[in-house]
Amino acid sequence: ALNDCLSIIKQHNLNMTRIESRASPNTNWDYDFFVDFENATEEQINQLCVSLAEARKDQITIVSHSKGTIWFPRKMKDLDSFSIKSLEYGEELDADHPGFKDYQYRRRRAEITQHAKSFKYGQPLPIVEYTETEISTWSTVYNKLKELYPTHACSAFNRVFPLFEKNCGYSPDNIPQLSQVSEFLHDLTGWRLRPVTGLLTPRDFLNALAFRVFHSTQYIRHPSQPLYTPEPDVCHELLGHAPLFADKDFSDFSQEIGLASLGVSDKDIERLATMYWFTVEFGLCKESNSSTGLRAYGAGLLSSFGELSYCLTKEPKVEPFEPSITSTTKYPITTYQPLYFVTESFVHSTSQVREFARTLDRPFSVRYNALTENIEVLDKKDSIISFVKEIQNNFKILTEAIEKFP
């Protein structure tokens, strides 16, 4: 079937620049194929769609007529194809992984990742009944990190962390369930957690952030090295990432990076992923109540006892966060970071990312509609007018509220 479609494309003399397969949410077929064309006119694309529909009787969708557009998710259910498309880890381990030779550990991870493979939007998040060994590993990590949070974590993190202990079952003796954390976050800031089998592609991971969705693993690191993991695990996700999603300013900052990633080139994805690494994963921020004037907010720091201790010493270099510079800076992935970037505030960083997004190679703007949970592309008059009307209506509501003040 794919060969037939490619033959038809060739007959239309179109230059195909990208083809990607994804597991289809449609039960009628196994895969969806997304194809990009270079310098194709709207008329050429329409003619191709007619030819494909006549020959294959398959569903043909034009993602965008805009030049340079790359497929990106528009609806929340589009994220269903991401969960099983992980790059590495999950149930498969590298030879240098602490659990590589532990058959029981590998079987357990395969069992847990199976939940993520079958999860679809709208379903209850999978529950994992953690073992005593897994809870013991969590407890070691939890207690060690809590020693450092008061002096090393940013004030926003220390403000919200007790809320997770009160409302989400965070404690040394319990590994929280994604469902409980996700529900709590959604009530506060509109964020959700989704289970994932392992590391996603940078494009898929960043695209999901635009929907205020964070993909989270549920398995835990090997018990032989509780303070080390070569990959994201449930300790990294729930201790490092999840708490700050309860902070509105940080939530907006994270989503802004996701919105900037929709439909951009592979080169720009690489730049945004690097920016994410130096901020959401390993970022520092200015705080006057710290002896160094700095605190940690990156999840890679907040979930690592060793690097959280190290990052505020005089050994690493620190530079101000500047998207154009940060996004092209090289970094190691197997050692502590020799360089950290410092944000003035999450609000300021959000503005910086928004300005940076204007320099990316994308011929349209996007917005997330929280009511429909869809991404809206602002590339046509109708969509822009609709957005303007929404702004006008919100402004009227704001004006009425102000008028009611004495």
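Only heavy atoms go into these numbers, but all of them, side chains included; no hydrogens, no water, no symmetry mates. As the structure is a computational prediction, the values presented were derived from the model and not from experiment.
Between Phe82 and Trp71, the angle of the ring planes goes over 60°, which puts this pair in the perpendicular group of the 30/60° scheme. Ring pair Phe245/Phe214 is tilted by interplanar angle, where 30° to 60° counts as tilted.
Test Tyr340, Phe346, Phe157 against Tyr297 for ring pair (Phe, Tyr, Trp, His ring centres under 6.0 Å) and you get one pass: Phe346.
His97 and Glu231 are linked by a side-chain donor-acceptor pair at a separation below 3.5 angstrom, with hydrogens and angles left out of the test. For the 3.5 Å distance criterion, the side chains of His152 and Ser309 fail to qualify, holding no donor opposite an acceptor. For the 3.5 Å distance criterion, the side chains of Glu256 and Thr350 fail to qualify, holding no donor opposite an acceptor.
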Notebook entry, point to check: Run the side chain to side chain donor-acceptor pair (under 3.5 Å) check on Glu373 and Tyr121 step by step: do they pass?
Noted result: CA-CA 12 Å; Glu373 298 183 334; Tyr121 171 63; 2.8 Å; yes
Checklist line | Chi angles and distances behind the salt bridge (charged side-chain N to carboxylate O under 4.0 Å, His left out) call for Glu111, Arg106 | finding: CA-CA 9 Å; Glu111 174 188 331; Arg106 296 184 64 157; over 6 Å; no
Next item on the list: Would you please test His241 and His236 for ring pair (Phe, Tyr, Trp, His ring centres under 6.0 Å) and show each step?
Entry: CA-CA 7 Å; His241 280 289; His236 174 75; 4.7 Å; yes
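Taking the six-membered ring for Trp and the full ring otherwise, the centers of Phe282 and Phe278 sit at least 6.0 Å from each other. A ring-centre distance under 6.0 Å is found for Phe164 and Tyr170.
Taking the ring axis of Phe305 as reference, the NZ or CZ atom of Lys144 stays within 45° of it and closer than 6.0 Å to the ring centre. Cation-pi geometry between Arg74 and Phe72 is satisfied (NZ or CZ under 6.0 Å from the ring centre, within 45° of the ring normal).
Under the 3.5 Å distance criterion, the side-chain polar atoms of Thr137 are matched with a main-chain donor or acceptor of Thr133.
The side-chain hydrogen bond (donor to acceptor under 3.5 Å, both in side chains) test applied to Asp233 returns Arg221, not counting sequence neighbours.
Rounding to the nearest 0.5 Å gives a distance of 8.0 Å between CZ of Phe184 and CG of Asp187.
A salt bridge links Asp252 with Arg212: the closest approach of a Lys/Arg side-chain nitrogen to an acidic carboxylate oxygen falls below 4.0 angstrom.
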